[in-house]
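Here is the structure we will look at, set down as structure tokens.
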2 protein chains.
Amino acid sequence: MAPRRSESLSRERIVAAAIEVLDAAGEGGLTFRVLSERLATGPGAIYWHVANKGELLGAATDAVVLAALEEEPASGSPQDRVRAVALGLFDAVDDHPWIAAQLSAGAWQAGTPRIVEAVGRQVRALGVPQRDWFVTTTVLVQYVLGAAAQNAANAQAARPGTSREEMLDAMATRWEELGPDEWSFTRTIGDQMRDHDDREQFLAGIDIALAGIAALYPPP
Amino acid sequence: MAPRRSESLSRERIVAAAIEVLDAAGEGGLTFRVLSERLATGPGAIYWHVANKGELLGAATDAVVLAALEEEPASGSPQDRVRAVALGLFDAVDDHPWIAAQLSAGAWQAGTPRIVEAVGRQVRALGVPQRDWFVTTTVLVQYVLGAAAQNAANAQAARPGTSREEMLDAMATRWEELGPDEWSFTRTIGDQMRDHDDREQFLAGIDIALAGIAALYPPP
DNA sequence: ACCTGAACACCGTTCAAGT
DNA sequence: ACCTGAACACCGTTCAAGT
């Protein structure tokens, strides 16, 4: 059922529709034909408002990231606020897995400064000396975006019909069956991989980074 | 000039040719038609050895990752060996930027266990208690892959004709011109972003993680 | 078993023509 | 200024037919 054309086309309406399509069908499912049908126009019409598919994906990612950052609470310790920003982005990637590729590839797009600002303020509050603000903040942001992206990819990787548990179990079993010498480490962590919780694992990374920052820049 | 068909087709020859095309023309440049022309066959022939484009990209990524890990030295402190593995992957991504998308998306493919093994052995040597081996190793691997991927994306983002310096300078200037209140942090790190070195920045992340591990699991 | 190459069902993007 | 929709130049993938 083609939706009736209530309002005229606009960049915002196009981006909103693109997000719906992406959430429902993934990046491969977003097509100018599908999108224009949903908007009750022709494919060419979209190009009046958006330069190309890449820009459309970028705009959709930005919208999702901005929405995620707005929920960020304005109080708590710097550590807690870093965790809050990180978890907000983690959940956003979880809800919209297609932004993962954009975040790790689209590199420092329009939405990224917001993330930098949100994280950087806590880095400053943590007592990191000014000359290391950029490095420290970037490291945190890179971890958050990179880890969230890889988590989303893992979640997507399951072939339809296979649950997360089945997939983890299969992979853990494969690891446990590796050669004893060449794989002396990997063999032993199969059951930890089977049992782990993605969110906890992600937060453990934040805690390692925060502990490292505290160790390198001890508060007075 | 179409190369003469010296040997018969094989998965290895196809993957090797794919890597050459990818290095020269990027992911968008890899086409079954281009590839088959280079191999002096028809596009259909490739499908006898490779299931589809995704599998081909995965195999190419694996080959590059395995080659990078083989250069890893077998001596040094655990910290230095973590740095060596990390830098090896960083450089591999730098030389073959197209693997970035694979590494952050292809999640735990065939090459990943090797990375886990290489990093995990050092985590073990660092004295991390066994019950935290999986989390700690995964955090390090996620940082390495995520940060390397984002660095590659940044390097690629420059439009042809723009140097890295020009791009960084333009971005730094944009940051410095942001509103004083809303962007009180981001405004101040423009010059650090202008001057930073990608490799050093990447290694700083490793050092923060190692410092965090040392703080959370103090050696006896 | 392995390769050929035409054909299929798509894509993103453009653009003359309309309003 | 904005929209239409046919057309262009591609894709990945399949498959009957060959060797």
Side-chain angles (χ1 to χ4, degrees), chain A residues 2-61 98 101-102 105-106 109 156-157 159-160, chain B residues 2-61 98 101-102 105-106 109 156-157 159-160:
Chain A
R4 49 205 133 292
R5 174 82 160 287
S6 41
E7 323 160 50
S8 71
L9 223 45
S10 72
R11 198 180 153 92
E12 294 80 53
R13 280 197 62 213
I14 292 172
V15 170
I19 292 176
E20 288 175 23
V21 173
L22 286 162
D23 286 345
E27 183 163 343
L30 181 65
T31 281
F32 277 80
R33 272 160 255 253
V34 165
L35 191 59
S36 62
E37 197 181 344
R38 198 185 186 96
L39 290 164
T41 13
I46 297 173
Y47 282 88
W48 184 260
H49 303 272
V50 156
N52 52 43
K53 191 174 179 178
E55 190 189 294
L56 180 54
L57 279 167
T61 304
W98 49 271
Q102 294 305 113
Q109 260 166 342
Q156 293 294 91
R159 283 161 308 186
Chain B
R4 48 205 134 294
R5 173 81 160 288
S6 41
E7 323 159 51
S8 71
L9 224 47
S10 71
R11 198 180 154 93
E12 293 80 51
R13 282 196 61 215
I14 293 172
V15 169
I19 292 175
E20 287 175 24
V21 174
L22 286 162
D23 286 345
E27 183 163 343
L30 180 65
T31 280
F32 277 81
R33 271 161 257 252
V34 165
L35 190 59
S36 62
E37 197 181 345
R38 197 185 186 95
L39 291 164
T41 13
I46 298 173
Y47 282 89
W48 184 260
H49 302 273
V50 156
N52 52 45
K53 191 174 180 178
E55 191 189 293
L56 180 54
L57 279 167
T61 303
W98 49 272
Q102 293 305 112
Q109 260 165 344
Q156 294 293 89
R159 283 160 307 185

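Quick note on labels: first sequence line is chain A, next is B, and so on, each numbered from 1.
- Both key distances under 3.5 Å define a Watson-Crick or G-U pair, and stretches of 3 or more such consecutive pairs in DNA chain C run C:4-8 with D:12-16, C:12-16 with D:4-8.
- Side-chain atoms of T31(A) do not come within 3.5 Å of backbone N or O of V34(A) as any donor-acceptor pair.
- When all heavy atoms of A59(A) and R11(A) are compared, the pair lying nearest together is CB-NH2, 3.7 Å.
- For D23(B), the side-chain hydrogen bond (donor to acceptor under 3.5 Å, both in side chains) test picks out H96(B), W98(B), with sequence neighbours left out.
- Between I19(A) atom CD1 and I14(A) atom CD1 the span is 12.5 Å, to the nearest 0.5 Å.
- Put simply, H49(A) has a side-chain N or O that comes within less than 4.0 Å of OP1 or OP2 on dC3(D).
- Annotation: the span from E37(B) atom CD to F32(B) atom CZ amounts to 15.0 Å, rounded to 0.5 Å.
- Atom CD of E20(A) and atom CG of L30(A) lie 11.5 Å apart (nearest 0.5 Å).
- With sequence neighbours left out, the side-chain hydrogen bond (donor to acceptor under 3.5 Å, both in side chains) criterion links R33(B) to no other residue.
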Under 3.5 Å, which N/O atoms of the protein pair with N/O atoms of nucleotides 11-14 of chain C?
| residue | atom | partner | partner atom | Å |
| --- | --- | --- | --- | --- |
| dG12(C) | OP1 | L30(A) | O | 3.4 |
| dG12(C) | OP1 | K53(A) | NZ | 2.8 |
| dG12(C) | OP2 | F32(A) | N | 3.1 |
| dG12(C) | N7 | R33(A) | NH2 | 2.5 |
| dG12(C) | O6 | R33(A) | NH2 | 2.9 |
| dT13(C) | OP2 | Y47(A) | OH | 2.8 |
| dT13(C) | OP2 | K53(A) | N | 2.9 |
| dT13(C) | O5' | Y47(A) | OH | 3.1 |

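- The minimum heavy-atom distance between L56(A) and A18(A), with the atom names listed, is CD1-CB, 4.0 Å.
- Protein atom CD1 of I14(B) is 11 Å distant from nucleotide atom P of dC2(C), rounded to whole Å.
- The CG atom of L9(B) sits 13 Å away from the P atom of dG5(C) (whole-angstrom rounding).
- For DNA chain D, no neighbouring residue in residues 17-24 of chain B is found when judged by any heavy atom under 4.0 Å.
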*Hey, mind stepping through E55(B) and N52(B) against side-chain contact (heavy atoms from CB on, under 4.5 Å) and telling me if it holds?*
CA-CA 5 Å; E55(B) 191 189 293; N52(B) 52 45; 3.6 Å; yes
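- Checking the phosphate oxygens (OP1, OP2) of dC3(C), no side-chain nitrogen or oxygen of W48(B) falls inside 4.0 Å.
- For R11(B) and dC2(C), the CZ to P distance is 14 Å, given to the nearest whole Å.
- Residues that satisfy the side-chain hydrogen bond (donor to acceptor under 3.5 Å, both in side chains) test with E27(B), not counting sequence neighbours, are absent from this structure.
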